[in-house]
Amino acid sequence: MISTDDALQAEPAFRDTSAAIQADNVQHYYGAGELRKQVLYDNNLSIEPGQIIIMTGPSGSGKTTLLTLIGTLRRVQHGELWVLNRPLHAINDAGLLNLRREIGFIFQAHNLFDSLTATQNVRMALELAAPHLSRTEQTKRSKVMLEAVGLGHRTDHKPKQLSGGQKQRVAIARGLVHNPRLVLADEPTAALDEQSGRTVVELLKQRAEKDKVTIIIVTHDNRILDVADRIVNLVDGRIRSDVLVREAAVLSQMLAGCEIFKHLTPRSLAEMVDHLVKEETAAGTTIIREGDSGDKFYLIRRGTVDVFRGAAAEPVANLGEGQFFGEMALLTGMPRNATVRASNDCLLYSLSQEQFRKAMSEQASFEKEIRTSLFDRQ
Ligand code: CMP
């Protein structure tokens with residue numbers, strides 16, 4: 001018989017993966033009985049160390065719930081959630097306490113202590129996360145951190161003597177002072193003017209680049225979108241899109257360079273990019289077989305493919321990075337007119353027939369619009 005202890009041991013207490021955060025099938029509910037309401041559905045997410053993630057979505061979409069689950073402020077009810085290699089779905093209280101020392105929270109300014117000075121408020125994070133440091137050292141580090149957020153001249157002020165933006169910067173200093181490996185921030189720049197917002201964002205970026213700190217920011221502030229490596233959009237408790245920003249820019253440029261999409265608006269291109277599905281294909285794999293019916297369109301991100309027609313042993317074409325295939329059957333409704341095989345390991349992005357048709361029809365309506373407007377001018 002397996003004892004409870006054995007059963008607990010079956011779950012590893014620590015897992016060494018490359019991901020800083022790994023969510024598998026995470027669901028969450030509030031309330032009980034008839035009032036039980038599901039707020040997160042089947043969410044899967046894998047975040048690399050050093051990434052800056054911006055999480056967006058309407059209020060009530062579940063983003064704060066997801067953030068507080070990752071931040072260990074709520075217990076995982078369903079699914080697996082690994083944070084800094086610890087299983088939050090099966091961790092004990094001591095494990096949680098240890099993990100929290102490696103997390104920096106930047107929530108709303110109002111959770112500063114009114115009776116403490118800015119330095120004392122910041123030092124609290126060090127008292128919890130680095131109790132081995134002397135008080136003098138803790139104070140020194142707190143002041144250095146306040147200087148970094150532009151508050152070197154306000155270290156002895158209490159929250160009541162500070163403006164909204166200054167209080168927010170104290171909260172930011174407190175979230176970073178203990179050099180956390182993961183920073184969770186809820187609207188960190190909302191109360192800040194453009195310039196202070198930039199200072200804070202640059203500071204976060206520096207931590208991510210230099211120290212591989214993973215940073216998740218929940219925000220509606222589109223002035224800071226450029227800092228994100230990745231934008232995760234939640235709607236109705238589900239991750240609706242999860243875009244690697246730099247990769248998305250490359251893909252959108254590639255699509256814009258394709259003859260068949262040349263009339264698409266940047267907005268339609270962006271929507272297409274949102275629906276692309278990454279597919280890794282080993283050398284020699286047949287991706288499309290002549291005579292089959294068409295279901296997907298493919299864009300080549302890396303690698304090359306050969307196109308064969310009929311029984312000929314020699315390919316009729318060799319396609320590479322930025323080129324596409326599989327459009328003919330989708331455009332004509334005819335079977336695939338050739339066989340396409342990976343000539344080396346490829347990274348492809350595919351688009352479903354439905355999304356491909358949608359993009360083409362938008363293009364058609366765009367062309368029609370132009371024709372009509374030209375016609376109207378005559
Ligand atoms: P489809 O017919 O959907 O599937 C096979 C694909 O091979 C076809 O779309 C084209 O994208 C591609 N293809 C066929 N013939 C050629 C060719 N001569 N040059 C480049 N690509 C081709």
Side-chain angles (χ1 to χ4, degrees), residues 44 230-231 233 238-372 374:
N44 298 302
R230 185 164 163 189
I231 298 176
N233 179 240
R238 291 187 174 86
I239 294 174
R240 191 175 65 175
S241 74
D242 181 0
V243 180
L244 283 170
V245 182
R246 276 181 216 119
E247 182 72 350
V250 172
L251 291 172
S252 144
Q253 242 171 11
M254 282 184 165
L255 288 175
C258 295
E259 184 62 22
I260 52 168
F261 301 129
K262 70 176 181 200
H263 292 310
L264 275 180
T265 59
R267 197 197 178 87
S268 303
L269 279 175
E271 199 181 322
M272 250 175 107
V273 169
D274 269 357
H275 288 95
L276 288 174
V277 178
K278 196 165 150 181
E279 296 190 16
E280 287 177 77
T281 307
T285 310
T286 299
I287 305 156
I288 281 179
R289 202 178 298 278
E290 190 171 343
D292 283 357
S293 56
D295 56 347
K296 285 192 266 183
F297 162 84
Y298 294 89
L299 177 72
I300 306 172
R301 175 69 177 87
R302 264 198 303 277
T304 53
V305 301
D306 285 324
V307 181
F308 298 91
R309 295 191 79 162
E314 284 301 307
V316 291
N318 181 262
L319 307 174
E321 190 171 309
Q323 292 182 296
F324 60 89
F325 58 91
E327 80 293 0
M328 287 306 291
L330 305 190
L331 285 170
T332 61
M334 304 283 283
R336 298 291 198 189
N337 68 10
T339 292
V340 181
R341 197 168 298 139
S343 37
N344 47 40
D345 291 348
C346 285
L347 177 58
L348 306 173
Y349 279 91
S350 70
L351 191 66
S352 69
Q353 182 166 25
E354 187 198 344
Q355 287 302 327
F356 178 82
R357 289 215 171 124
K358 191 161 172 270
M360 294 314 284
S361 70
E362 269 160 26
Q363 174 158 278
S365 63
F366 175 69
E367 279 182 13
K368 209 161 116 202
E369 221 171 273
I370 294 207
R371 268 193 218 117
T372 323
L374 284 175

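Note that ligands are numbered from 1 as they come in the structure, with each ligand's atoms numbered from 1 the same way. For this chain, numbers begin at 1 and follow the sequence in order.
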Which residues pass the ring-ring contact (aromatic ring centres under 6.0 Å, His included) test with Tyr298, not counting sequence neighbours?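 So Tyr298 forms a ring-ring contact (aromatic ring centres under 6.0 Å, His included) with Phe325.
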Can you list everything that forms a ring-ring contact (aromatic ring centres under 6.0 Å, His included) with Tyr349? Sequence neighbours excluded, please.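 For Tyr349, no residue satisfies ring-ring contact (aromatic ring centres under 6.0 Å, His included) once neighbours in sequence are set aside.
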Evaluate the side chain to side chain donor-acceptor pair (under 3.5 Å) criterion for residues Arg341 and Thr286: first the C-alpha distance (whole Å), next the side-chain angles of each, then the deciding distance (0.1 Å), finally the verdict. CA-CA 4 Å; Arg341 197 168 298 139; Thr286 299; 3.3 Å; yes
Can you tell me which residues line ligand 1 if we count any heavy atom under 4.0 angstrom from one of its atoms, in chain and number order?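 Within the 4.0 Å shell of ligand 1, which is judged on heavy atoms, sit Ile288, Val307, Arg309, Val316, Ala317, Phe325, Gly326, Glu327, Met328, Ala329, Arg336, Asn337, Ala338, Val340.
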Is the ring pair Phe261/Phe356 parallel, tilted or perpendicular, if the boundaries are 30 and 60 degrees?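 Answer is perpendicular, since the angle exceeds 60°.
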Can you tell me how far OG1 of Thr281 sits from CG of Leu348, rounded to the nearest 0.5 angstrom?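 Interatomic distance, Leu348 CG to Thr281 OG1, rounded to 0.5 Å: 4.0 Å.
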Pairwise side-chain hydrogen bond (donor to acceptor under 3.5 Å, both in side chains) hits with a residue in residues 310-324, at least two apart: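 Only Asp306-Asn318 qualify under side-chain hydrogen bond (donor to acceptor under 3.5 Å, both in side chains).
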